[in-house]
Every structure is written in C-alpha cells, then in structure tokens.
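Note sheet for the following structure.
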Amino acid sequence: MASCRERRRDSDTSLLLEDEEDREEDTEDEDHIEKAALNILFCKRFWHLLKVIFPKLISPTFLMFCTLLAVCLLEQVVIYQTGLIPSQFVRILAAENPQKSEFMTRLWLSLIIIGLNSTLKSLDGYISSLMYVRWRRLICHRLHQKYFQDTVYYQLNVLQENMDNPDQRISQDVERFCKQFSLMIAVIIISPFTIGYYTYQCYISTGWQGPVSIFVYFVTGTIINRFIMSPIVSLLVRQEKLEGDFRFKHMQIRVNAESAAFYRACQVELMKTNFRLHSLLDTQKRLINREFWLNFAVNMFDYLGSILSYIVIAIPILSGAYSHMAPNEISALVSKNAFVSIYLIGCFSGLIDLSTKLTDLAGYTHRIGELLESLEKTEKGTMEEQTNHSADPGDGDPSENASLCSNESTQSNKAFQLESVTLTPPSLQNRVLIRDLNLEIEAGRNLLIVGNTGSGKSSLLRVLRGLWPTLGGSVERISPLGPQGVMFIPQKPYLTDGSLREQIIYPLKDKYPGQVSPDDGIIMQYLERLELMSVFERAKGLDGGTEWINWYDVLSPGEMQRLSFARLFFHQPQFAVLDEATSAVSMETEELLYNMCKDMGMTVISVGHRSSLRKFHDVELKLDGRGGWKLDTIR
Ligand SMILES: Nc1ncnc2c1ncn2[C@@H]1O[C@H](COP(=O)(O)OP(=O)(O)OP(=O)(O)O)[C@@H](O)[C@H]1O
C-alpha cells in the first residue's frame, strides 16, 4: 500500500498535470485568436528589429549589406558561368573533330571559374557571419540599454507577471534570431536578381510556357506552405517560453543547492523539474508533428521541381524547335537549358525552403519584440515617474561618481518627506499595508521601523527607493539616492561577480583596475575591523578573485552582511537604510557596526526585529500590517 506521503506526492503530481491540461485547452483556444494577430504583429516587430540593426542609412551594417549584395551578384555571374561548363565541354568533345587546344583552354578557364566560385561563396558566408556578430551586438546593446535603465530590470523581473524569462530572450533568442536571419539574408537579397535573370534565360530557351509553369508552381507551393506554417509560429513562441522555464528551474536549484539539500528536497525537486521538462517536451512533440507536414511539403516541392525542369525543356525539343541543329549543338543546348530551368526552379525552391526558417525567425522575432516593447513601456513609465518627481535630486548613475567621501556639497538635513502615504503591494491594491503615513526622515535622528513579519517594513523602503508606487500621498526624496546621499543595504546581501575590491566599491566602477589604489589602506582597515581578513586571504587579495565568481557559495550569511557593511563604510553616505542588515551577526558585532556608523556621522534608518536595536535609534515607527502605524520617540 502506498504511504500517505507517496499518495500526497502522487496527488500533487496529478494536480500539476490537471492544471497543465487546463492550460493546454486554454492555449488551444488562445492559439486561434492569436494566429491572426501574430501575423500582423510579426511584421510590426520585425520592422522594429530591422530599425535596430540598420540604425541609419550609412552605417557599417549597411556597408556590409552592400558588400554582401555585390559579392552575391558576382557569385551569381560566376555560378552562371560554372553552370555552362558542362555544355561547353559537350560541344567541344561531341564535335566531328575535337580540338585539343580548345579543350585545354576551356579546362583552364573552368578551373579559374571554379576557384572564383569557391572564393565568392566563402566570402558570402564570411560577410554573413560578420553581420550576425554585429546584429547581435546592436540588438543586445539596445536591450541592455533599456533593461539597465533605472529600475526597469526590477520591474520586469519582479513586478510584471506577463514577461517570462527576459534573460533567455536577451541571451538566447537574440543569438538565434541573428544566426537565422544572417543565413537567410543572402538568399533574400539575391533572389529578385536571379529570378529575373533566369526567367529571361528560360523564356529565351523555352518560350513563355517555361517561366509561366514555374511561376504557377511556386505560387501553389507558397499558398500550401502558408497554411501549414501559421500554427507553427505560435507553438514556437510557446516552446521558447517553456525552454526558458526549464532552464530557470535548473538555475534555481544551482543557486539554492544548499537550502534544498538541507530540506532533503530531491524528490519534490525531481518532480517539479521533470514536470517542466515534460511540458517542454510535449510542446516540442506537437511542434515536431506540425513540422512533419511542413517538411513533407517542402521536400515534395524540391523533387517535383526537378521533374518540372525536364517537362519545361521537353516542350521545345518535342515540338521540333531545335530539329535544324547539329547533334553536338543540341546536346550543348539541352545541357544549358537544363541548367537554366533547374536553377530557376532552384531559386523558387530556395524561397519555399525559407518558409521553415521563417517560422523559427518569426518565433524569435515575437519574443524579442515583446521584450523590446515591454522595456520601452516600462522605461517610459519610469521616465514619467521621474518627471512627476522632478523636484527629487534623482538617482543619477552612482557608478559614474567615484569620489570617496566627497559628499559635502550634496549634504542635506533631510532624506525623505512623506505626506499621507498609503501603500499596498503592487498587485494587491485592496490590501493596505500603511495608510496616511506622515514621516520626515532627517539627519541625526536614527529611525527604527518595526512590526510583525509581512507588515510592510521592507515595502516602505521600496517606496522610499521608488521601486513601488504609492496608492496615495507624496514621497519627496530630498537627499540623492546613491552612495553619496542615501544608500540602501537590502535584506538579501547583493554580491556582484568580480574581485573583493569590486564587492566593496560596488556600485562604483573600479577607478584603478589592476593597480594599487589610494583607497587600499582604508579598505584594509575596514576588513580588519570587520574580521574579514580570512575572506581577503581566500579571495587572494583585493583583486585576486576574478575566477571566483559565485560569492554566495563560499561566504556565510554573517560574512556577507559584514561585507555589505564594509561597502557602506567605504562609501560613508549621509543616510544608511539597513533592512535587517545585522540579522545574521552576533549582538557584539551588531553593536560594533552601529557604533562605526555613528562614528562616521551616518544617520541610519533600520528595519529589524531584535529589541537590541532600539538603543541605536531615536525614533520608532511601528506598523501593524493593516494600515495602522505609530511613531514614538525612543528614550
Ligand atoms: N513583489 C510583490 N508583489 C506582491 N506582494 C508582495 C511583493 N513583495 C512583497 N509582497 C507582500 O507585501 C507584504 C509586505 O511585505 P514586506 O516585504 O514589506 O514585509 P516585511 O514587513 O518586511 O516582512 P519581514 O519582516 O518578513 O521582512 C507581504 O505580505 C508580502 O507578501
């Protein structure tokens, strides 16, 4: 008999599967509605991306494009000459008196043409690859520029529920889009020229019947492919999303391996990870089923095309149009005509083949376009927010301003002035955490924010930082946010990739990369006082840990918090906002840290549960989590 725990696990799995089935049905319905809209959206989003990769007319991308066009045209001339080689040999060898000198000349010419052909083909691939790199750089730069604008990355990752896996879109989808498009571009740009030229050649050899039958064949192929293609695009978009979800699940385990291991969570994590895998594979299977018919149609058209070329050539031969010619001339002409017709059909087949690549391209275009639109919308919202708060000193870019302790000019008596502020979580507007709060945070008056867990303490800090909007009231930010004015130490210590120095000077950029800086002495003093010398040694010095990327795996929570304080002491802002920043250190260390803040003249705004914190503060703001608050002086 299955144990109670196993039964519960089974029921969890079946609930997840039922959930997924419901979602599958919903997506089927949505699919129909989305298909039409997706096609219009594709054109809009593709145009948007084209404007990113071709920013202006005279640009390196445009020059590359022109060079590629020239190379492709030249390549076509050489391909035409290569195609004529067999007919020229047939004419020489099938003549009544074959001439050795004529044969040798033709042989040398053919070798030169083949050499040229190979060079041009490699050049065309080379330029396409260079374009791929350049496009990827342009699109990623554009996305990064918007993503890292103010708090846009926070809003996208935390507050916007409809935007899945922005990281995957930037790192993977852009790569695939650029690769696919760079492979298609040569075919797209050269097709009008080759089709025009070979249609003319085909007309000369076969009369109007040849080109017309090939055109009819192409149009039929395109219409059939169009019908098969449309459901594939929405499936591809979904597959990319599930691919990102699956990768995210593995990343979650990677980042939280220790916590999961403490819970002995292997079974539940196995179930959840397999669930993501199965959702992905089911969608992939549906996609493969649909692609079967697309591939079938594409292959049918490729092979039917070769038969059609013989039908086209047969028409003038069977109607006796070439009966007056010598046998070697007819053979040469048939060989030449075969090449022209087959090449023209090949051009059309190439365009039909593009349809499979186009579905992939459309999927990536939607995902990148969606992200770009969302980024633009969020960026606009943030800018409007900033304009509304134009009285605020603004965030600026703290990393640009690398001066240590040069905050005299920006010193102000107050950090924040809150009037009648009402605050709710962003997606739960009926759950008021704080109602009509009036608060003035001024220099020299340390503020302690207390309340039960979930009562809105960190949320108030989010509002102060401008991450969350308020439901009502006004928040005036008087002191500039950043290492010179108001510096936030979040509840989860944030350690970036890079050396120990980069952790300490964060969010500033390294002023003296790889050199001894004048700040080294002071940094070492802080490391010693905070008992972080063992970290200094393990990191092989301030600049030694470049390959030691994941600090979270190798530092204890207490060490991470002390490192955050080393950062705070390095910057010495006028106001320090500490969100449970000493929860993982001993009371003695907590006392040392607060005393150091006091000695440096910092005003602290702390969130915390420990009663030992009271003695370092002057005022206490108590939240009840239902909107109520109380401000008391601490004696
Ligand atoms: N991004 C979010 N979207 C919606 N609700 C959120 C979000 N972040 C937090 N909340 C909710 O807002 C409420 C207040 O959260 P907050 O983090 O401010 O609590 P807190 O008082 O700091 O708690 P703790 O002492 O446990 O840190 C909680 O109920 C929380 O679940």
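Reckoned from all heavy atoms, side chains included, excluding hydrogens, waters and symmetry mates. Counting convention: from 1, in listed order, for ligands and their atoms alike.
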Is there a side-chain contact between M487 and R567 in this structure, where contact means two heavy atoms from C-beta onward sitting under 4.5 Å apart? yes
When you compare ligand 1 with G456, is there at least one nitrogen or oxygen pair between them that comes in under 3.5 angstrom? yes
Is atom OH of Y154 surrounded by more than 12 heavy atoms (other residues, nucleotides or ligands) closer than 6.0 Å? yes
Measure the CZ-CG distance between F246 and L281 for me, rounded to the nearest 0.5 Å. 7.5 Å
Contact region, V158 to ligand 1, non-hydrogen atoms below 4.0 Å, reads side chain
Kindly give the heavy-atom pair with the smallest separation between A584 and Q561, and that separation in Å. N-OE1, 2.8 Å
Pick, from S459, P426, S455, the option with the minimum heavy-atom distance to atom 16 (P) of ligand 1. S459
Any protein heavy atom < 4.0 Å from atom 30 (C) of ligand 1: no
Backbone or side-chain N or O of G454 under 3.5 Å from ligand 1 N or O: yes
Is the gap between the ring centers of F575 and F416 under 6.0 Å? no
Does a side-chain heavy-atom distance below 4.5 Å link L461 with V463? no
For atom 25 (O) of ligand 1, the closest protein heavy atom turns out to be K457 NZ, 2.7 Å
Between W468 and ligand 1, which residue portion shows a heavy-atom distance shorter than 4.0 Å: side chain, backbone, both, or neither? side chain
Taking only heavy atoms of H609, which atoms of ligand 1 are found under 4.0 Å from at least one of them? 25 (O)
So if I count the atoms of ligand 1 from 1 in the order they appear, which ones are less than 4.0 Å from some heavy atom of R431? 13 (C), 28 (C), 29 (O)
For ligand 1, which atoms sit closer than 4.0 Å to a heavy atom of E580? 24 (P), 25 (O), 27 (O)
Atom 5 (N) of ligand 1: nearest protein contact (heavy atom, Å): P425 CB, 3.4 Å
In terms of atom number and element, which parts of ligand 1 are under 4.0 angstrom from non-hydrogen atoms of S427? 4 (C)
Evaluate the side-chain proximity of R367 to K241: yes if any heavy-atom separation is below 4.5 Å, no if none is. yes
Under 4.0 Å from a heavy atom of Q491: which atoms of ligand 1 are those, numbered in the order shown and with their elements? 27 (O)
With side chain to side chain donor-acceptor pair (under 3.5 Å) as the test, pick out the partner of S606 among K457, E580, H617. H617
How far is atom 26 (O) of ligand 1 from the closest protein heavy atom, and which atom is that? T453 OG1, 2.5 Å
Look at atom CD of E531 and say whether more than 12 heavy atoms of other residues, nucleotides or ligands are closer to it than 6.0 Å. no
